[in-house]
Structure formats: structure tokens, C-alpha cells
Amino acid sequence: MATYTIGLAEAKKHFSKITAEVNRTGKSVTVLKNNRPWVIIHPAACSPTDGEGSDVAVDLLESIEYSVARLSDPDKE
């Protein structure tokens, strides 16, 4: 699945449209800040019956915690 990129200012300006398109197509969008990847917008799990259930939420929370930790200490990997 292809990932598209967009600048932070453009993402702010068109956030609703971008999230609607991500949800519609299922394709992620990487938001760049100073021409470097900053965040990735991707669709949530389709439905609880697709076999992923709460594992998706747990993975998402772990990803957010990791991202916050990296923002606090960018040299930490």
C-alpha cells in the first residue's frame, strides 16, 4: 500500500479532507515537518469482526507512547 506525503501546513489547512480520504481509500499519509517525516495518519481498524479487535487499540497506544518518548528524547532509539 502506497504512502503519500504532505507538508504540515497543508495538513493543518485540509485536515478534515485528508482524514476523510485516508478513511475512504485506506492509504496512509505521512505528514512532513521541515521536510522530515513527523506523523503518519492512517485509518483505524475496519470493524471488530475483522479479527483484530482490541489488539489494534493496544498497538496504537504503544505506538503513541513510543512516539511521545521519542519526542521527549529524540536521541533515544
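Values reported hereafter were calculated over all heavy atoms of this structure, with side chains retained and with hydrogens, waters and symmetry mates removed. Bear in mind that the values here come from a model prediction, so they are computed numbers and not experimental data.
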Inset, instruction - Dump the intermediate steps for side-chain contact (heavy atoms from CB on, under 4.5 Å) on V31 and I40, then the final yes or no. - result: CA-CA 6 Å; V31 179; I40 298 172; over 6 Å; no

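Contacts of E21 classified as salt bridge (Lys or Arg N to Asp or Glu O under 4.0 Å), with partners at least two apart in sequence or in another chain: R24.
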Would you list the atom pairs, donor with acceptor, under 3.5 Å between side chains in residues 5-20 and any protein atom, with sequence neighbours excluded?
residue, atom, partner, partner atom, Å
E10, OE2, H14, NE2, 3.2
T19, OG1, F15, O, 3.1
T19, OG1, S16, O, 3.0

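Residues V22 and L32 do not share a hydrophobic cluster, defined by chaining ILVMFWY side chains whose heavy atoms lie under 4.5 Å apart.
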